[in-house]
2 protein chains.
Amino acid sequence: MTKPATAPRRSDATKAAILVAARERFAADGYERATIRAIARDASIDPSMVMRYYGNKEGLFVAASAIDLRIPELGALPGKHVGSVLVTHFLDRWENDDVLTAMLRVGVTNEAGAERMRAVFAEQIGAVTVGVCPVPAEAAHRAALVASQILGMALARYVLRFGPAVEMSRDEVIAWLAPTVQRYLTAETP
Amino acid sequence: MTKPATAPRRSDATKAAILVAARERFAADGYERATIRAIARDASIDPSMVMRYYGNKEGLFVAASAIDLRIPELGALPGKHVGSVLVTHFLDRWENDDVLTAMLRVGVTNEAGAERMRAVFAEQIGAVTVGVCPVPAEAAHRAALVASQILGMALARYVLRFGPAVEMSRDEVIAWLAPTVQRYLTAETP
DNA sequence: AGCGTTGGTCAACGCTTGTTGGCAACGGTA
DNA sequence: TACCGTTGCCAACAAGCGTTGACCAACGCT
């Protein structure tokens, strides 16, 4: 029952090519400027194929932005290094996956994108905070604080390409942000 | 010589109305979805007036996003509260001025908007950091860190409307972010 | 009163967008 | 071979966009 057991179709390759192109365009241009025609051109197919396989533009975005933050298991790790591990993880994810940049760019101008972003971060970061922060009732607040710092750095570094934020090395970024995240997660309420 | 000494024209009111409407639309919808037609409708005038007074859409955005962060003088204040003062100031500014949200929304999908944002934050936050941080050569890095945290919170709270980030009170946000900003500004290099 | 300048409307342009339906080639099945 | 679902391309649609130029109305001057 784990596999849908549907036979592989010839069109699977096309569908996948569309998704790859869509992710790149959404990440580079945001929702409005990423046109179906441009995506189809990148995937070397006709625009009408996009409609056939994904219904409409929003359906394409939903399919293209399916995402798993793959936050590592923190239970077994030393509690004092949670911040460092998290920041490192997110830098890796952002530099190796267009979907994150796409979600950020789209979420700012498109309500569906914003909703998706809220859901992903609330669930996946929230899941971590409940196990780590001292006041479980505050887990959502703590998650929001962590998200604000991580998204802010992603914004400055990968979207706005703010000079000094780009020039900083990975290790510098980690050294500065880790204590912040650590504090948001584990410090007493100020 | 301080005043341009140009007589006030009858069209000044119209120009101002266009700017107000433009700021609202850019802030609410971002660059692409904020159409000149919609802005003109809000201002109760014809779309062609926008072209006459501001040349084209980009010119309108440039005029509408002229901004001064009005960062308070920090020299005379107690050095230990710089973080708190800065965070409070930015929360005020963001809640009372559409231009900041507009810049954030537009900067994410429009290169000209991104450039404007880089310039504003580099100059105006950078000007503060040089006077406060212990290693003047690092002022730009420190400014980027401060910007990342402040922009991240603005993104979560005012643009994405991330539930927990919205629910936090002003004082809670200040209490959590102030130490972060303070550390980015004044702490020794980690 | 007559003039040029200014403020504003209207209708249209060329273009791009998302989206649709028709039609031709392919491939497995009977 | 004849059939039928699948895969794909093509051409077109209606709508919306930024932008333009012609035209009218009101004002300030002499």
Side-chain angles (χ1 to χ4, degrees), chain A residues 4-65 102 105-106 109-113, chain B residues 4-65 102 105-106 109-113:
Chain A
T6 55
R9 300 182 178 273
R10 272 185 305 132
S11 57
D12 288 349
T14 305
K15 287 186 184 178
I18 293 174
L19 282 191
V20 170
R23 279 192 266 263
E24 284 177 7
R25 284 284 176 175
F26 281 133
D29 297 337
Y31 189 80
E32 335 282 336
R33 289 188 26 215
T35 67
I36 289 189
R37 286 171 148 93
I39 292 168
R41 204 179 315 128
D42 289 357
S44 303
I45 47 97
D46 190 86
S48 62
M49 302 303 294
V50 178
M51 310 302 297
R52 179 173 296 180
Y53 292 130
Y54 298 100
N56 55 25
K57 189 176 180 179
E58 188 167 322
L60 173 62
F61 172 71
V62 170
S65 65
R105 275 221 163 89
V106 173
T109 34
N110 181 274
E111 177 52 27
Chain B
T6 56
R9 298 180 179 273
R10 275 186 300 133
S11 57
D12 287 350
T14 305
K15 287 186 183 178
I18 293 174
L19 282 191
V20 170
R23 279 191 265 263
E24 285 176 8
R25 284 283 175 174
F26 281 133
D29 297 337
Y31 191 79
E32 335 282 336
R33 287 188 28 213
T35 67
I36 287 190
R37 287 170 148 93
I39 291 168
R41 205 178 314 130
D42 289 356
S44 304
I45 47 97
D46 190 88
S48 63
M49 302 302 294
V50 178
M51 310 301 298
R52 188 190 299 230
Y53 291 132
Y54 298 100
N56 54 27
K57 188 175 181 179
E58 189 167 319
L60 173 62
F61 172 71
V62 170
S65 64
R105 274 223 163 86
V106 173
T109 33
N110 182 274
E111 178 52 27

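A, B, ... follow the sequence lines: proteins, then strands. Residue 1 opens every chain.
- The distance from atom OH of A:Tyr53 to atom C1' of C:dT19 is 17 Å, rounded to the nearest whole Å.
- Atom C1' of nucleotide C:dG8 and atom NZ of B:Lys15 are separated by 14 Å, given to the nearest angstrom.
- One cannot find a donor-acceptor pair under 3.5 Å joining the base of C:dG27 and the side-chain atoms of A:Arg10.
- If you take CD1 of B:Ile18 and P of C:dG8, they are 8 Å apart, rounded to a whole angstrom.
- Residue side chain B:Arg37 does not reach the base of D:dG16 through any donor-acceptor N/O pair under 3.5 Å, judged by distance alone.
- The phosphate of C:dC10 (OP1 or OP2) has no side-chain N or O of B:Ser48 nearer than 4.0 angstrom.
- Side-chain atoms of A:Asp42 and A:Ile18, non-hydrogen and from C-beta on, never get closer than 4.5 Å to each other.
- Atoms CG (A:Asp46) and P (D:dA12) sit 14 Å apart, rounded to a whole Å.
- Note: B:Phe26 and B:Tyr31 have parallel aromatic rings, judged against thresholds of 30 and 60 degrees for the angle between ring planes.
- The shortest side-chain heavy-atom distance between B:Ile45 and B:Val50 falls under the 4.5 Å cut-off.
- Atom CE of B:Met51 and atom C1' of C:dG8 are 16 Å apart (whole Å).
- Between the P atom of D:dG18 and the CE atom of B:Met49 lies a distance of 17 Å, rounded to the nearest Å.
- Look at A:Ser11 and you won't find any side-chain N or O under 4.0 angstrom from OP1 or OP2 of D:dT6.
- The separation between A:Arg33 atom CZ and C:dC15 atom C1' is 17 Å, rounded to whole Å.
- Look at CZ on A:Arg9: it is 12 Å from P on D:dG8, rounded to the nearest Å.
- Inter-residue side-chain proximity for B:Glu58 and B:Asn110 is flagged as unmet; no heavy-atom pair is nearer than 4.5 Å.
- Both distances falling under 3.5 Å, in either a Watson-Crick or a G-U wobble arrangement, place C:dG14 opposite D:dC17.
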